[in-house]
Asker: 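Next up is a structure, given as C-alpha cells.
The model shown is predicted, which means the values in this text are computed figures rather than measured ones.
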Amino acid sequence: MKISHLALATAVVCGSLTPFAWAAKPASEPVSPIQPAKVTNPKLVELGKKLYFDPRLSRSGFISCNSCHNLSMGGTDNLKTSIGHNWQKGPINAPTVLNSSFALAQFWDGRAKDLKAQAGGPIANPGEMAFTHELAVDVLKSIPQYVAEFKAVFGSETVDISKVTDAIAAFEETLVTPNSRFDKWLKGDRKALNEKELAGYALFKNSGCVACHNGPALGGTSFQKMGVVEPYKATSPAEGRSAVTGKDADRFNFKVPTLRNVELTYPYFHDGEAATLEQAVDTMGRLQLGKQFTTEENAKIVAFLKTLTGDQPNFRMPILPPSTNATPRPKPFE
C-alpha cells in the first residue's frame with residue numbers, strides 16, 4: 001500500500017507513526033541539502049577575503065564587512081540593528097551573509113540584484129561605512145600589495161569599484177554551510193535526527209512554514225508580507241519592498257530570510273524584535289499562519305530548526321597589506 005508524503009507527515013504529528021519510521025525514506029522533500037562551494041578562481045576569492053575584512057574601506061578605518069556580518073557569529077552581529085559610522089543606529093537587522101548566494105536578491109527589500117551589487121552598498125552608505133567608492137579605491141591604489149594582487153587577478157593594475165565588488169562577492173559565494181544534521185538526514189542518514197526533531201519538521205511542513213521557507217537555504221527565494229493573518233507592529237521604519245518598487249501593495253513585503261544556521265543568527269525579523277527562536281516561532285505561527293503553537297509544538301519546531309546549523313566557514317584569517325605614507329588616513333571621529 002502506498003502512503004502519500006503528506007499523510008506520512010500528518011501521521012507523525014498525530015502520533016500514529018513514529019518519526020523514525022517516517023525517516024526511513026526522506027524523498028521528495030521541499031528542501032534540498034546545501035552543497036559545498038566550488039572555488040574556480042582561488043586568487044579572486046583570496047583577494048575578496050582580504051577586502052571583506054579590511055576596515056580601511058570605511059571612513060573610520062574601523063568598520064569592515066565582517067563588522068556587521070561576523071563570520072564567527074553566524075554571519076551576522078547578533079544585534080537588533082547594526083552600529084554604523086559614529087555609532088549610528090542602523091534602521092534594520094543585519095541578515096546573515098552565510099548562504100546568501102542562494103537568495104533571489106540581496107537586502108531585506110531586495111534592492112540589490114546579487115552579491116556584487118550588494119557589496120558596494122554599505123561602503124557608500126553614510127549610516128554604515130560612510131565612505132565613497134572613489135575614496136575606497138584611492139585607499140587601495142595607495143597600497144602596492146593590493147595593486148599587485150588586483151593585477152594578478154584581473155590582468156591589470158587598474159583598481160575600480162567593480163573589481164572590488166567582484167572580489168568581495170566571489171568570497172561571499174564560498175560562505176555556504178553544508179553538512180548540517182538535517183542535510184545528513186536528507187541524504188539518507190536515518191539516525192541524524194531524533195524523534196523530537198523529526199516531529200518538529202513534520203509540524204514545520206504541515207503548518208505551512210515550507211510555503212515560504214523552502215529550497216536549499218530554507219528561504220531567500222521570495223518576498224512575503226510580514227503580518228498576513230494579524231498585522232505586525234514593527235519597531236523599524238523599514239517599509240520593505242515598496243521602497244524599491246514604489247507600489248503600496250508591496251509595503252511590508254520582505255525577503256524571506258534563510259533558516260540555515262538560525263540558532264546562531266538571533267535576534268530575528270527585519271527589526272530584530274524576536275530575541276529567541278521560541279518567540280520567533282510563536283510570532284510567525286500567529287501572524288503568518290493563524291496558528292497558536294502549544295509549548296510542546298513550539299519546542300519541537302525549535303528542536304528541528306537547531307538541526308539546520310551546518311559547517312561554519314573555516315579558513316586562515318587574511319593578513320592585510322600595510323598602508324603606506326600615501327594612504328589616506330581614517331577619520332573615526334568625524
Side-chain angles (χ1 to χ4, degrees), residues 30-32 34-35 37-38 45 48 51-52 65-66 68-69 71 74-77 81-82 84 90-125 127-129 133 161-177 209-228 232 234 236-262 265 268-272 280 284 288 308 313:
V31 183
S32 54
I34 291 280
Q35 300 300 325
K38 295 181 179 179
V45 170
L51 297 171
Y52 185 91
C65 301
N66 194 63
C68 297
H69 303 284
L71 298 182
T76 183
D77 55 16
T81 60
S82 296
I92 206 163
N93 179 261
T96 178
V97 71
L98 301 182
N99 305 304
S100 57
S101 57
F102 292 102
L104 80 166
Q106 302 299 318
F107 297 114
W108 281 96
D109 57 13
R111 64 184 182 274
K113 66 177 182 178
D114 53 28
L115 287 172
K116 175 179 169 61
Q118 185 278 333
I123 295 173
N125 188 319
E128 295 184 48
M129 297 169 79
H133 290 165
I161 194 62
S162 180
K163 292 177 181 177
V164 170
T165 54
D166 274 339
I168 294 174
F171 170 64
E172 290 177 337
E173 287 170 358
T174 71
L175 302 177
V176 299
T177 59
C209 306
V210 292
C212 300
H213 293 286
N214 50 49
L218 283 93
T221 58
S222 66
F223 297 99
Q224 300 293 337
K225 182 178 178 63
M226 180 68 167
V228 174
Y232 180 72
S236 165
E239 295 190 347
R241 191 73 179 140
S242 62
V244 178
T245 66
K247 299 178 180 179
D248 189 63
D250 289 332
R251 187 175 181 275
F252 247 53
N253 280 21
F254 295 94
K255 184 180 67 177
V256 176
T258 174
L259 294 182
R260 292 287 184 175
N261 311 291
V262 70
T265 59
Y268 307 104
F269 308 154
H270 70 281
D271 58 357
M284 286 290 95
Q288 302 302 104
L308 301 176

Asker: May I have all residue pairs that pass side chain to side chain donor-acceptor pair (under 3.5 Å) and include part of residues 98-107, sequence neighbours excluded?
Answerer: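 Side chain to side chain donor-acceptor pair (under 3.5 Å) check on residues 98-107 returns N99-T177.
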
Asker: Counting distance only, does the side-chain N/O of T96 pair as donor-acceptor with the main-chain N or O of G74 below 3.5 Å?
Answerer: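 Looks like yes, one N/O pair under 3.5 Å.
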
Asker: Kindly give the heavy-atom pair with the smallest separation between V210 and P30, and that separation in Å.
Answerer: CG1-CG, 4.0 Å

Asker: Can you list the steps and then say if S162 with K116 is a side chain to side chain contact (heavy atoms under 4.5 Å, CB included)?
Answerer: CA-CA 8 Å; S162 180; K116 175 179 169 61; 2.9 Å; yes

Asker: For residues P216 and I34, report the shortest heavy-atom separation together with the two atoms involved.
Answerer: O-CD1, 3.5 Å

Asker: Measure the spacing between CG of N261 and OG1 of T76 and express it to the nearest 0.5 Å.
Answerer: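 Going from CG on N261 over to OG1 on T76, the span is 11.5 Å.
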
Asker: Identify the heavy atoms of D77 and S82 that sit nearest to each other, and give their distance.
Answerer: OD2-OG, 2.5 Å

Asker: Taking only Lys NZ, Arg NE, NH1 and NH2, and the carboxylate oxygens of Asp or Glu, determine whether D109 and R111 approach each other closer than 4.0 Å.
Answerer: yes

Asker: Atom OG1 of T81 and atom CD1 of I92: how far apart are they, to the nearest 0.5 Å?
Answerer: 10.0 Å

Asker: Are V97 and L71 side-chain neighbours, meaning at least one heavy-atom pair lies under 4.5 Å?
Answerer: yes

Asker: Answer yes or no: is there a donor N or O on one side and an acceptor on the other, between the side chain of K247 and the main chain of R241, under 3.5 Å?
Answerer: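 No, K247 side chain to R241 backbone: no donor-acceptor pair under 3.5 Å.
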
Asker: Indicate the atoms forming the closest heavy-atom contact of P122 with E128, along with that distance.
Answerer: CB-OE1, 3.3 Å

Asker: What is the distance from atom SG of C68 to atom CE of M129, rounded to the nearest 0.5 Å?
Answerer: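 CE of M129 is found 8.5 Å from SG of C68.
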
Asker: Measure the spacing between NZ of K113 and CZ of F107 and express it to the nearest 0.5 Å.
Answerer: 14.0 Å

Asker: Indicate the ring-plane relationship of Y232 and F252, choosing parallel, tilted or perpendicular according to the 30° and 60° boundaries.
Answerer: tilted

Asker: Which is it for L104 and K255 under the side chain to side chain contact (heavy atoms under 4.5 Å, CB included) test, yes or no, and what are the steps along the way?
Answerer: CA-CA 9 Å; L104 80 166; K255 184 180 67 177; 4.0 Å; yes

Asker: Would you please test E172 and H69 for side chain to side chain contact (heavy atoms under 4.5 Å, CB included) and show each step?
Answerer: CA-CA 11 Å; E172 290 177 337; H69 303 284; over 6 Å; no

Asker: Pick out which of S242, P237, S236 makes a side chain to side chain contact (heavy atoms under 4.5 Å, CB included) with E239.
Answerer: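 That would be S242; it is the only one of S242, P237, S236 passing the side chain to side chain contact (heavy atoms under 4.5 Å, CB included) with E239.
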
Asker: Looking at Q288 and G227, would you say the former's side chain and the latter's main chain have a donor-acceptor pair under 3.5 Å?
Answerer: yes

Asker: Considering all heavy atoms of both residues, which atom of I123 and which atom of H133 are nearest to each other, and what is their separation?
Answerer: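 So the two residues come closest at CG2-CD2, 4.1 Å.
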
Asker: So, H270 side chain and P95 main chain: donor-acceptor pair closer than 3.5 Å or not?
Answerer: no

Asker: Walk me through it: do N66 and Y52 pass the test side chain to side chain contact (heavy atoms under 4.5 Å, CB included)?
Answerer: CA-CA 6 Å; N66 194 63; Y52 185 91; 3.6 Å; yes

Asker: CD of E173 to CG of L115: how many Å apart, nearest 0.5 Å?
Answerer: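 That separation rounds to 6.0 Å.
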
Asker: Going from CE on M284 to OH on Y268, what distance comes out if it is rounded to the nearest 0.5 angstrom?
Answerer: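 Answer rounded to 0.5 Å: 13.0 Å.
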
Asker: I need the minimum non-hydrogen distance between F223 and A105, along with the two atoms involved.
Answerer: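 Nearest heavy atoms, F223 then A105: CZ-CB, 4.3 Å.
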
